[in-house]
Amino acid sequence: MSLRKLSYEYYERAKRVLPGGVNSPVRSARAVGTHPLFIREAKGAWIWDEDGNRYIDYVCSWGPLILGHSHPKVVEAIKEAAERGTSYGIPCKLEVEMAEQVVKMVPSIEVVRFVNSGTEAVMSAIRLARAVTGRKKIIKFDGCYHGHVDALLVKAGSGVATFGMPASAGVPEEVVAQTIVLPYNDLEAVRSAMELHGKEIAAIIVEPVAGNMGVVPPVDGFLRGLRELCEAQGALLIFDEVITGFRLTQGGAQQYYGVYPDITCLGKIIGGGLPVGAYGASVEIMAHVAPDGQMYQAGTLSGNPLAMAAGLTTLRILEVEGIYEELNEKAAYLERGLKEVAENRGVTITVQRVGSMGCGFFTDRSVKNFDEVKTCNTEAYGVFFRAMLDKGVYLAPSQFEAFFVSYAHTMEDLDKTIEAAHYALKKVLESGY
Ligand SMILES: *Cc1c(COP(=O)(O)O)cnc(C)c1O
């Protein structure tokens with residue numbers, strides 16, 4: 001503990017004035033049997049805690065920092081914008097440029113509305129789907145997380161999964177009564193539900209690569225099957241690309257898999273490290289949004305120049321030739337390294353990865369849905385997490401979260417990480433895994 005003495009002290013203070021000492025539950029690191037770090041500074045792939053310890057960071061603010069922390073061009077853009085005012089509540093040029101950029105990059109988006117978080121994006125997308133179809137029911141998948149939207153806080157991933165909560169207190173039954181939860185990757189279950197409720201279903205919402213129960217890729221034909229079932233029943237398909245947008249390719253998972261949703265939710269990377277979310281769709285669908293249409297949604301700070309400048313700068317950098325190839329190569333190198341180390345140590349783990357997002361599951365099988373994810377040994381993950389921390393590597397403080405490789409991670413960082421894993425897996429074995 002003494003190594004992280006100041007973090008511990010801040011945590012003790014924080015617990016008196018913040019629920020659980022944090023502003024977002026998984027950060028508490030309770031699930032991995034320790035206290036959170038308090039970060040003083042971050043640059044590139046590294047974070048420094050208040051005690052001055054340096055860590056290679058694979059959380060990257062839970063995905064947004066695909067270019068690494070405080071990228072010089074992004075910092076410059078924020079500074080420049082701040083000099084001219086942080087928010088006007090009146091339109092500005094940057095909003096137009098940012099919207100044009102998103103429309104250019106994301107195949108199924110013709111018109112986009114900016115909000116301030118992924119949660120807001122999803123909440124608005126659900127309202128929009130209901131407004132367009134005049135229907136109420138929503139299909140979601142077990143283990144997918146869509147922000148803390150009331151109607152979707154059932155069998156959710158991320159913190160809800162980490163703390164083993166079936167649902168959230170404070171969400172009325174009537175609200176979730178319109179939500180149907182099905183197993184991820186189970187097209188048959190969706191088919192049956194659509195046969196039963198077809199004309200009542202406003203939308204199917206899905207993480208095209210599940211990234212909030214560890215990383216679970218869609219099986220062949222799953223996304224395409226959802227697309228077809230939606231069309232057959234007049235329901236809308238919503239891709240929650242808050243993680244996958246601008247992560248897998250410039251155009252997100254829809255471009256990666258060649259399956260196009262009706263509505264796309266964006267967040268995380270789109271803000272370049274500042275709070276931004278967005279939802280977008282065709283001209284026809286977005287015509288329902290106020291002031292053009294009857295679906296109301298608004299935001300005091302939406303489209304503020306600081307957030308737009310950070311996002312726009314990030315997205316423009318992501319258009320540089322070869323960026324995604326390099327990201328994927330680095331992540332593949334890390335995956336190979338982890339697999340080799342596990343094999344050498346004789347530890348059975350399953351590493352699943354799509355592009356630069358991945359997860360090491362403490363289980364001996366590949367996992368396709370949340371029931372299978374739940375078979376993972378979370379105790380072992382805790383041991384692994386703490387040992388990696390001791391070796392200067394910061395992973396997500398939960399088995400049910402992804403690791404993210406950023407453009408700022410160097411080969412040296414990756415080698416150090418693999419070396420640390422060699423040590424950490426020894427600790428896992430010693431713990432009786
Ligand atoms: C993070 C996340 C959200 C919520 O975004 P916030 O900005 O935290 O509100 C929604 N959907 C997915 C898939 C996410 O990963």
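Not measured: the values here are computed from a predicted model. Read the numbers this way: they start at 1 and go in the same order the structure lists the ligands and their atoms.
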Give the numbers and elements of all ligand 1 atoms closer than 4.0 Å to a heavy atom of S117. 7 (O), 9 (O)
Atoms in ligand 1 flagged as close to I243, the criterion being non-hydrogen separation under 4.0 Å: 15 (O)
Salt bridge flag under 4.0 Å for residues R191 and E188: yes
Only heavy atoms of G118, strictly under 4.0 Å: list the atoms of ligand 1 that pass. 4 (C), 5 (O), 6 (P), 7 (O), 9 (O)
Distance to 0.1 Å, residue and atom name: give those for the protein heavy atom nearest to atom 2 (C) of ligand 1. K268 NZ, 2.6 Å
Just by modelled atom types, is the G355 backbone N or O under 3.5 Å from a matching donor or acceptor in the R353 side chain? yes
S7 and H35 have their tightest heavy-atom pair at CB-CE1, 3.9 Å
Can you check whether V122 has an N/O within less than 3.5 Å of an N/O in ligand 1? no
Give me the nearest non-hydrogen protein atom to atom 8 (O) of ligand 1 as residue plus atom name, then the distance to 0.1 Å. T119 OG1, 4.5 Å
Counting only heavy atoms closer than 4.0 Å, does ligand 1 sit against the backbone of E120, its side chain, both, or neither? neither
Just checking, R54 and W46: is the charged tip under 6.0 Å from the six-membered ring centre and within 45° of the axis? yes
Report, in ascending order of atom number, the atoms of ligand 1 lying under 4.0 Å from any heavy atom of Y145. 11 (N), 12 (C), 13 (C)
Go through the steps to decide whether F38 and L6 satisfy the test side chain to side chain contact (heavy atoms under 4.5 Å, CB included), and finish with yes or no. CA-CA 8 Å; F38 279 71; L6 286 175; over 6 Å; no
Side chain to side chain contact (heavy atoms under 4.5 Å, CB included) between Y145 and F400, worked out: CA-CA 11 Å; Y145 177 67; F400 306 125; over 6 Å; no
If you measure every N or O of N212 against every N or O of ligand 1, does any of those distances drop under 3.5 Å? yes
E207 and ligand 1 - part of the residue with a heavy-atom distance under 4.0 Å: side chain
For residues 73-97, pull every pair meeting ring pair (Phe, Tyr, Trp, His ring centres under 6.0 Å), keeping only residues two or more places apart or in separate chains. none
Considering only non-hydrogen protein atoms, determine which one is nearest to atom 11 (N) of ligand 1 and report residue, atom name and distance to 0.1 Å. D240 OD2, 2.7 Å
Provide the full list of ring pair (Phe, Tyr, Trp, His ring centres under 6.0 Å) pairs with a residue in residues 219-256, sequence neighbours left out, each pair given once. F141-F222, Y184-F222
